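If you're wondering where the values come from, they're calculated on a predicted model, not measured in any experiment. Below, read A as the first sequence line, B as the second, and so on, with proteins coming before strands; counting in each chain starts at 1. Just so it is clear, the values below take in all heavy atoms, side chains as well, and ignore hydrogens, waters and symmetry mates.
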Number of protein chains: 2
Amino acid sequence: MKDVARLANVSVSTVSRVINSSIPVDEATRLRVEKAIQQVNFKPNLIARSLRMKSTNLIGVVVPELQHETFTSFIKFAEESAEARGYNLVIGSTNTNPETEERFIENLIRRNIDGIIFSRVSDHSRVLKLIDRTKIPIVIIDRSLAREDIPAVVLDNYGAGAMAAGHLLSLGHLSFACITGPLDISINRERLAGFRDTIMTGGGRLDERYIFEGNFKYDSGGRGADFLLDTGADFTAVWAQNDYMAIGAMNRLAARGFSIPGDISIMGLDNIEHSWMIMPALTTMAQPFRQMCESAVDLIVKASRKETTDASRIVLGPELVIRETTAPAGAGSRKLVGH
Amino acid sequence: MKDVARLANVSVSTVSRVINSSIPVDEATRLRVEKAIQQVNFKPNLIARSLRMKSTNLIGVVVPELQHETFTSFIKFAEESAEARGYNLVIGSTNTNPETEERFIENLIRRNIDGIIFSRVSDHSRVLKLIDRTKIPIVIIDRSLAREDIPAVVLDNYGAGAMAAGHLLSLGHLSFACITGPLDISINRERLAGFRDTIMTGGGRLDERYIFEGNFKYDSGGRGADFLLDTGADFTAVWAQNDYMAIGAMNRLAARGFSIPGDISIMGLDNIEHSWMIMPALTTMAQPFRQMCESAVDLIVKASRKETTDASRIVLGPELVIRETTAPAGAGSRKLVGH
DNA sequence: AATTTCCGTGAAATCGATTGCACAATCGAT
DNA sequence: ATCGATTGTGCAATCGATTTCACGGAAATT
């Protein structure tokens with residue numbers, strides 16, 4: 001900057017003012033400075049600026065892992081939104097390990113990061129205290145926390161369950177099964193409640209024995225299918241609370257001789273890439289990940305500019321994606337197995 | 001830091017020396033300082049340090065997109081390695097858009113980033129000049145460039161092609177087809193060369209008409225299968241140069257009545273998650289992504305510490321993953337269609 | 001003509017660390 | 001007792017920006 005100043009025959013203060021247009025500068029000198037900036041191809045050093053301004057234009061994104069498409073989607077869309085607003089992303093995956101979480105957050109704080117988008121915080125970790133102390137804007141995404149004072153962007157989980165039930169009921173299904181995610185996580189209980197309630201009021205039945213608790217991974221879908229089948233196979237529709245488990249269940253059902261969707265209809269949730277790469281293509285519900293991330297980034301940008309301070313909670317609805325794994329009840333040749 | 005200094009009754013210089021153990025400090029005062037640091041829970045501000053040291057402990061990772069699993073793997077493994085060395089990751093996806101690429105790199109440079117891991121640079125972009133000018137360590141990953149003076153970590157692409165051919169030859173296949181990636185990218189030509197050469201020396205044949213140029217996406221696998229089938233279906237084994245295309249081709253082949261692997265064996269490359277979630281599970285080759293990223297991070301860390309200055313090129317081999325889509329030739333009931 | 005207002009500019013402080021240099025204290029050797 | 005070497009510490013400069021404050025001169029007001 002000194003070079004530019006010398007070249008334009010002004011002080012560094014003036015150069016700074018031209019760059020940031022913070023305070024009006026005489027037209028003539030402004031042009032002179034701009035020309036000098038061009039000449040030496042000067043780009044302000046962001047570190048020095050950050051030190052002075054206490055703002056880095058960096059957003060941290062913390063996810064439990066980078067394997068599941070859910071989380072890579074978060075990163076993808078967050079990156080998109082951040083880039084559009086002139087922010088860069090610092091990412092970290094924590095394996096839900098409180099220690100890693102803490103170390104990472106600590107680092108971000110020391111880097112004076114502008115905000116953090118956090119997915120699947122371990123509730124019991126001391127991380128939240130860490131954040132409270134430093135007053136860094138934080139947005140929880142995908143999973144709400146017990147604490148209502150922290151901004152969050154989440155799916156309407158109850159609505160998702162209701163939507164799954166609604167679609168299947170409309171196809172004439174009456175006997176249901178469900179493969180859930182871990183039920184100690186509240187969003188999964190909400191999803192189940194929406195599913196169950198809608199089935200009830202729609203005149204269908206969801207026997208408690210036909211609820212299998214999985215872990216969101218492919219394998220547990222297969223285990224779920226086995227469990228349900230062995231319990232007594234008198235259901236015609238299965239909803240798995242994410243696509244990985246839905247695909248796992250579907251493959252197992254097919255392997256055990258059931259036709260999809262002839263004998264059994266199956267639905268997932270997430271609309272991951274795999275869901276349309278398999279045969280038959282999976283009927284599922286898309287989570288509005290792009291919008292979620294956009295909102296999250298927005299919240300942080302605004303908060304870091306102190307434009308708002310209210311802890312808002314944004315709830316977004318899923319979108320039904322009908323493909324080939326759901327069909328009218330009784331389309332296949334299978335007889336319901338009694339017990 | 002001033003608070004700590006006052007509390008411990010020393011100067012800030014001494015506090016700094018305790019923190020960095022750069023210069024010996026008297027045992028007694030060191031303990032006093034450490035206690036003071038504990039008391040005020042002091043953590044050095046990394047921005048100030050970066051400004052002074054001209055080193056940020058940040059590594060940039062630039063990928064063309066965050067959709068394909070290949071690139072999310074890069075990020076995942078790079079994050080792992082970086083975290084282990086005390087670095088954080090700044091990521092950006094460019095859509096291979098030279099403008100976005102430039103903007104992003106520019107940003108990283110202005111942030112005084114320690115190094116950049118770059119995947120699939122657009123060769124014609126002005127980015128490399130940009131980087132040359134600032135002397136930031138850079139490592140190309142996954143795809144080599146014409147310029148030999150830039151460090152790179154790449155797959156042994158010729159070897160991968162050879163490995164695919166070898167496996168299929170060992171199963172007795174003699175008539176081959178190949179679905180390639182874009183052939184203007186050198187790595188794909190190398191893969192094809194390895195495939196072709198090994199088939200030749202192994203006594204098989206790869207008719208030029210049975211080479212279809214895809215674009216690495218799912219759809220082009222299906223198109224490739226159609227093309228090959230319509231050209232004349234006298235091949236018993238297909239290698240697609242990545243898993244997405246392999247799965248696309250496999251689904252189309254199945255849809256057109258061929259049994260996999262009975263009639264036609266099929267192989268991919270990458271070992272993406274989808275590859276074992278489909279039925280039948282895909283035989284493929286795993287790229288050593290973890291090792292690639294580890295090497296890349298290592299190169300950057302070393303370069304940024306000026307421990308080495310030589311532009312090394314690291315070549316790593318793939319690993320064969322045999323699953324269910326390859327079988328001995330002639331296992332199925334299909335008769336080869338002559339023409 | 002004197003006073004006030006306004007605008008543009010520069011000098012210097014600031015952000016929070018690291019480090020070169022100078023100096024004081026300790027020690028051992030002559 | 002004197003000297004040189006060694007060790008530990010503090011002062012002040014530095015990194016590269018932003019911003020407060022003060023000041024000079026032009027314009028506006030009386």
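Among the heavy atoms of the strands, none lies under 4.0 Å from A/Ser50. Using a 4.0 Å heavy-atom distance criterion, A/Lys54 is classed as a sugar-phosphate-only contact. A/Ser22 comes within 4.0 angstrom of no nucleic acid atom, judged by non-hydrogen atoms across all strands.
Nucleotides of DNA chain D nearest to A/Ile47 and A/Thr14 differ in position, and the one nearer the 5' end is that of A/Ile47. Mapping B/Val10 and B/Leu51 onto DNA chain D by nearest heavy atom places B/Val10 closer to the 5' end of the strand. For B/Met1 and A/Arg52, each mapped to the nucleotide of DNA chain C holding its nearest heavy atom, the one lying further toward the 5' end belongs to A/Arg52.
Rounded to an integer number of Å, the gap from A/Glu27 CD to C/dC7 P is 16 Å. Distance CD1 (B/Ile23) to P (C/dT19): 9 Å, rounded to an integer number of Å.
At a threshold of 4.0 Å, the pair A/Glu27-A/Arg30 counts as salt-bridged, since one of the basic side-chain nitrogens sits closer than that to a carboxylate oxygen. Between A/Glu65 and B/Lys76 there is no salt bridge, since no side-chain N of the basic residue sits under 4.0 Å from a carboxylate O of the acidic one. Between A/Asp3 and A/Arg6 there is a salt bridge, since a side-chain N of the basic residue sits under 4.0 Å from a carboxylate O of the acidic one.
Read 5' to 3', the first and last nucleotides of DNA chain D with an atom closer than 4.0 Å to a heavy atom of chain B are D/dG8 to D/dG16.
Considering only heavy atoms from C-beta on, B/Arg111 stays 4.5 Å or farther from B/Thr56 through its side chain. Between B/Asn57 and B/Leu46 the shortest side-chain heavy-atom distance does not fall below 4.5 Å. Looking at A/Leu299 and A/Ile314, their side chains come closer than 4.5 Å, going by heavy atoms from C-beta outward. Residues B/Asn88 and A/Asn107 are in side-chain contact: their nearest non-hydrogen atoms beyond the backbone lie under 4.5 Å apart.
In this structure, the side chain of B/Asn97 engages the main chain of B/Glu99 through a donor-acceptor pair within 3.5 Å.
A donor N or O paired with an acceptor N or O is found under 3.5 Å between the base of C/dG20 and the side-chain atoms of B/Arg17.
Note: B/His68 and B/Phe71 have tilted aromatic rings, judged against thresholds of 30 and 60 degrees for the angle between ring planes.
An OP1 or OP2 oxygen of C/dA11 is reached within less than 4.0 angstrom by no side-chain nitrogen or oxygen of A/Ser13.
When base pairs are accepted only as Watson-Crick or G-U wobble with both N-N or N-O distances under 3.5 Å, DNA chain C takes part in stems of 3 or more pairs at C:1-30 with D:1-30.
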